[in-house]
Number of protein chains: 2
Amino acid sequence: MGEQEDVRWLTAEEQRAWRGFVRLHERLGGRLGRLLQSESNVSPADFAVLVNLTDTPDGRQRYQDLARALEWEKSRMSHHIARMAGRGMVVREECPEDGRGAFVVITDAGRAAIEAAAPRHVEAVRELFIDHVTPAELRVLAEVSERVIGKLDETQS
Amino acid sequence: MGEQEDVRWLTAEEQRAWRGFVRLHERLGGRLGRLLQSESNVSPADFAVLVNLTDTPDGRQRYQDLARALEWEKSRMSHHIARMAGRGMVVREECPEDGRGAFVVITDAGRAAIEAAAPRHVEAVRELFIDHVTPAELRVLAEVSERVIGKLDETQS
DNA sequence: ACGCAATCGATGACCTGTCAACTACGTCTA
DNA sequence: TAGACGTAGTTGACAGGTCATCGATTGCGT
């Protein structure tokens with residue numbers, strides 16, 4: 001039951017930054033998600049999928065590529081696409097070149113949904129976040145994010 | 001089907017910061033959570049609850065206060081405490097002064113769990129995050145977080 | 001060609017969180 | 001002190017995610 005470990009606990013400043021960061025994401029993510037859901041009837045996950053699909057010329061992408069882009073597990077992908085297909089936003093389509101694979105294809109309803117949702121969402125991101133952060137601060141945020149994510153990629157898993 | 005909305009889309013720099021921020025939290029949160037879970041058999045949510053309880057002198061707190069501190073819904077609180085109680089980390093206790101209320105009380109097993117988990121967790125936060133961010137950047141992070149959260153609090157909900 | 005390993009996606013069990021009632025208790029006012 | 005209203009926590013149905021596992025298919029080494 002030793003109490004005096006040699007752990008380097010976080011300083012007050014470090015805690016402030018760490019907790020602030022975590023809390024900010026929780027609060028902001030929650031708020032934006034609820035807005036998306038209530039105003040456009042699209043969940044944040046749906047939105048992410050639809051954005052990725054509309055980024056491709058023909059609105060179709062392999063499960064695997066979509067999963068990589070979103071950093072989702074393949075099983076999550078599979079479950080989520082099944083649900084979205086149930087709601088008519090996407091369709092699953094066999095892949096001729098690879099018998100194992102499949103495509104996710106956006107439907108007209110899916111396009112309509114994201115075109116309706118995107119403007120309000122971007123507006124909300126601005127109002128709730130971007131507008132309160134200076135360009136210099138945004139640059140710091142971007143740099144820090146990229147650096148830390150880079151380190152995460154280095155250390156395995 | 002108009003395409004030329006008057007929406008002010010995000011600039012490249014803004015997108016970089018916003019996406020980086022979101023992705024960073026997802027990646028880092030996921031990694032830290034898995035570490036906690038696999039090394040200490042404590043979920044991130046458990047950890048948050050236990051930290052809050054050990055911050056009080058007698059390791060006991062009202063559901064309501066705990067929920068406010070963690071910014072959880074009361075129903076989440078209720079469900080989660082029920083699960084943690086099932087695992088022996090906390091106990092539910094009636095509140096004499098208010099017949100509706102109840103306390104969450106940490107058990108010895110709960111204390112043992114967090115004392116085992118905390119050092120490794122802090123170490124991980126350092127290695128994966130703090131160590132790659134300068135003090136000046138940390139200050140920017142803290143300031144931005146507090147400012148934006150403040151704005152979130154102002155606009156209702 | 002053959003057999004083995006790796007890849008793709010699906011599936012089912014399980015855990016977590018949200019939402020919308022609902023119960024039980026307190027508080028305020030007439 | 002009755003009734004109305006608010007508050008504390010619970011509950012059940014459901015959507016979402018993870019994990020382990022599986023069937024099918026492809027690709028690689030010999």
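Computed over heavy atoms, backbone and side chain alike; hydrogens, waters and symmetry mates excluded. In what follows, every chain begins at residue 1, and chains take the letters A, B, ... in the order their sequences are listed. The shown structure was predicted, so the numbers you read here are calculated from the model rather than taken from an experiment.
Here Arg147(B) pairs with Glu137(A) under the salt bridge (Lys or Arg N to Asp or Glu O under 4.0 Å) rule; sequence neighbours left out. Among residues two or more places apart in sequence or in another chain, the ring pair (Phe, Tyr, Trp, His ring centres under 6.0 Å) test is passed with Tyr63(B) by none.
The CD atom of Gln61(A) sits 16 Å away from the C1' atom of dG9(C) (whole-angstrom rounding). Nucleotide dT11(C) holds its P atom 18 Å from the CZ atom of Arg100(A), rounded to whole Å. Here dG17(C) presents its C1' atom at 16 Å from CE of Met84(B), a figure rounded to the nearest Å. Put simply, CG on Leu70(B) is 15 Å from P on dT16(C), counting in whole angstrom units. Remark: C1' of dG9(C) and CZ of Arg68(A) are 14 Å apart, rounded to the nearest angstrom. Atom OH of Tyr63(A) and atom C1' of dT25(D) are 17 Å apart (whole Å). In this structure, Met77(B) places its CE atom 17 Å from P of dC19(C), rounding to the nearest Å.
Within the 4.0 Å cut-off from OP1 or OP2 of dT10(D), at least one side-chain nitrogen or oxygen of Arg92(B) is found. A sub-4.0 Å separation between OP1 or OP2 of dG9(C) and a side-chain N or O of Ser78(A) is absent.
With Asp65(B) as the partner, the side chain to side chain donor-acceptor pair (under 3.5 Å) test is satisfied by one option alone out of Gln61(B), Arg62(B), Arg68(B): Arg68(B).
The nucleotide whose nearest atom lies closest to any side-chain atom of Arg62(B) is, among dG9(D), dA24(D), dT7(D), dG9(D). For Asp98(B), whose side chain is taken as the heavy atoms from C-beta onward, the closest listed nucleotide among dG9(C), dG26(C), dA24(D) is dG26(C).
Side-chain N or O atoms of Arg139(B) include none that pairs as donor or acceptor with a backbone N or O of Thr134(B) at under 3.5 Å.
Contact check on Arg27(B) versus Asp153(A) returns a salt bridge, with a Lys/Arg side-chain nitrogen under 4.0 Å from an Asp/Glu carboxylate oxygen. By the 4.0 Å N-to-carboxylate-O rule, Arg23(A) lies too far from Glu26(A) to be salt-bridged with it. Using a cut-off of 4.0 Å between Lys/Arg side-chain N and Asp/Glu carboxylate O, Arg87(B) and Asp46(B) are scored as salt-bridged.
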- Message: Using a 4.0 Å heavy-atom cut-off to protein, can you give one letter per nucleotide of nucleotides 14-22 of chain D, 5' to 3': B if the base is in contact, S if only the sugar-phosphate is, - if neither?
- Response: --BSBBB--
